[in-house]
There are 2 protein chains.
Amino acid sequence: MIISDNLKMYVQKLRSSNLRPTKQRLKICKFLFDREKTFHFTVETLNKKINKNGATKISLATIYNTVEAFTIAGYLKEILTSKNKSYYDTNIKSHHHFYDEGSKELTDIHSNQIKLSKVPVPPKGKKIKNLEVIIRIQK
Amino acid sequence: MIISDNLKMYVQKLRSSNLRPTKQRLKICKFLFDREKTFHFTVETLNKKINKNGATKISLATIYNTVEAFTIAGYLKEILTSKNKSYYDTNIKSHHHFYDEGSKELTDIHSNQIKLSKVPVPPKGKKIKNLEVIIRIQK
DNA sequence: TATCTAGTTTATAATAATTCTAAACTAGAA
DNA sequence: TTCTAGTTTAGAATTATTATAAACTAGATA
Ligand SMILES: [Mn+2]
Ligand SMILES: [Mn+2]
Ligand SMILES: [Zn+2]
Ligand SMILES: [Zn+2]
């Protein structure tokens with residue numbers, strides 16, 4: 001049984017997105033969202049961390065399904081910055097990233113740390129869905 | 001035999017990067033660089049276009065090898081913007097992109113069309129290798 | 001020009017991330 | 001308690017990419 005102050009909140013959140021609050025989803029919610037700071041991860045790392053301890057394992061397929069469902073529901077943001085591998089971000093506010101080519105880790109850049117004083121108009125008939133700055137860094 | 005005003009230039013270019021000017025590489029050079037405008041492509045699309053006509057086929061492995069070699073040599077830039085698939089860009093100058101989520105196509109944004117009046121300092125000991133803005137657009 | 005060899009191309013196999021499939025399970029409405 | 005649509009799961013399938021190793025070739029040298 002999962003115990004968390006936020007359990008009820010997660011149950012509601014899931015229900016409001018037409019997602020049944022299953023053991024697996026709640027465990028993943030707790031793991032992802034019971035934290036102060038932004039969490040950036042790949043499915044591989046999430047799978048390892050979720051299934052680290054002796055606890056009942058959540059299958060890899062469910063990890064994939066859940067991450068996709070949470071992304072569609074808007075609980076997670078997908079970050080495409082690395083070859084052949086998707087990253088996900090618990091910070092769903094509009095913001096930017098450093099991507100360290102060595103450690104392959106993302107770090108948040110708050111929106112107010114970058115100022116765009118000029119932005120181009122999108123092509124005719126197209127709307128801006130999202131604008132992201134990625135700053136690749138290295139030693 | 002490939003005939004092109006730029007052939008000699010490509011031969012030199014390749015030699016200067018310690019790449020032998022083979023038939024295949026020259027054909028790919030001609031296809032990629034004998035054009036006015038930036039060309040954005042995936043290995044899949046390049047393979048289709050290069051091998052469209054009845055001409056002698058270049059193997060997919062060679063397309064992959066060549067794109068990688070050209071990227072390392074600095075003739076191409078890799079753009080990571082789409083899930084599970086790399087894009088490449090014949091425009092190697094520092095610039096930005098629109099990415100159309102519908103058509104999955106990239107469009108250049110010249111550096112001077114975006115003005116960054118505030119950019120964060122990279123973490124200690126790290127240097128900025130590259131800064132790119134991606135604007136995702138939709139109908 | 002003929003010979004030689006490191007670099008290259010190629011078909012194919014292997015890998016890695018992800019998606020699909022279908023059977024077993026379960027949340028929760030009735 | 002029963003029922004069913006939604007969910008989980010193991011494993012197969014798919015897709016993009018990378019590795020392997022044999023055949024080929026650019027071009028240096030004899
Ligand atoms: Mn993939
Ligand atoms: Mn891949
Ligand atoms: Zn973030
Ligand atoms: Zn471009």
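All figures in this text were calculated on a predicted structure; none of them were measured in a lab. Values reported hereafter were calculated over all heavy atoms of this structure, with side chains retained and with hydrogens, waters and symmetry mates removed. Per chain, numbering begins at 1; letters A, B, ... match sequence-line order.
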Polar atom pairs between nucleotides 28-30 of chain D and protein, under 3.5 Å, N or O only, would you list them?
none

**Item:** Separation of atom OH in B:Tyr88 from atom P in D:dA16, rounded to whole Å
**Value:** 13 Å
**Prompt:** Quick one: do B:Glu78 and A:Lys83 make a salt bridge, cutoff under 4.0 Å?
**Reply:** yes
**Asked** How long is the line joining CG of A:Asn47 and C1' of C:dA16, in whole Å?
**Response** 14 Å
**Message:** Between the side chains of B:Glu44 and B:Lys85, is the shortest nitrogen-to-carboxylate-oxygen separation below 4.0 Å, so that they form an ion pair?
**Reply:** yes
**Item:** Residue pair A:His97 / A:Asp89, side-chain donor-acceptor N/O under 3.5 Å
**Value:** yes
**Message:** Does the protein touch nucleotides 4-14 of chain D at the base, only the backbone, or not at all? Give it as B, S and - per nucleotide, heavy atoms under 4.0 Å.
**Reply:** -BSSBBB----
**Request:** Look up atom CZ in B:Phe41 and atom OH in B:Tyr87, then write down how far apart they are to the nearest 0.5 Å.
**Result:** 12.0 Å
**Asked** Once you round it to whole Å, what is the distance between C1' of C:dA17 and OH of A:Tyr87?
**Response** 13 Å
**Prompt:** Tell me: CD of A:Glu44 to P of C:dT15, nearest whole Å?
**Reply:** 16 Å
**Prompt:** If only side-chain N and O atoms of B:Ser86 are considered, is one of them under 4.0 Å from the OP1 or OP2 phosphate oxygen of D:dT17?
**Reply:** yes
**Item:** Separation of atom CD in A:Glu68 from atom P in C:dA17, rounded to whole Å
**Value:** 18 Å
**Asked** Hey, is NZ on A:Lys49 packed in by over 12 heavy atoms from elsewhere, all under 6.0 Å?
**Response** no
**Asked** Any idea which heavy atoms bring A:Asp108 and A:His95 closest together, and the distance?
**Response** OD1-NE2, 2.8 Å
**Message:** What is the distance, to the nearest angstrom, from the CD atom on A:Gln12 to the P atom on C:dA27?
**Reply:** 18 Å
**Asked** So does A:Tyr64 get a side-chain nitrogen or oxygen closer than 4.0 Å to the phosphate oxygens (OP1/OP2) of C:dT19?
**Response** no
**Request:** Quickly work out the A:Lys27 NZ to C:dT26 C1' distance and round it to whole Å.
**Result:** 17 Å
**Asked** How long is the line joining NZ of A:Lys85 and P of D:dT18, in whole Å?
**Response** 13 Å
**Ring centers of B:Phe31, B:Phe39 separated by less than 6.0 Å** = yes
**Asked** Within a strict 4.5 Å, meaning less than it, do heavy atoms of the A:Arg25 and A:Leu14 side chains meet?
**Response** yes
**Message:** Through direct or indirect side-chain contacts below 4.5 angstrom among Ile, Leu, Val, Met, Phe, Trp and Tyr, which residues connect to A:Ile109?
**Reply:** A:Phe98, A:Ile114, A:Leu116, A:Val119, A:Ile128, A:Leu131, A:Val133, A:Ile135, A:Ile137, B:Phe98, B:Ile109, B:Ile114, B:Leu116, B:Val119, B:Ile128, B:Leu131, B:Val133, B:Ile135, B:Ile137
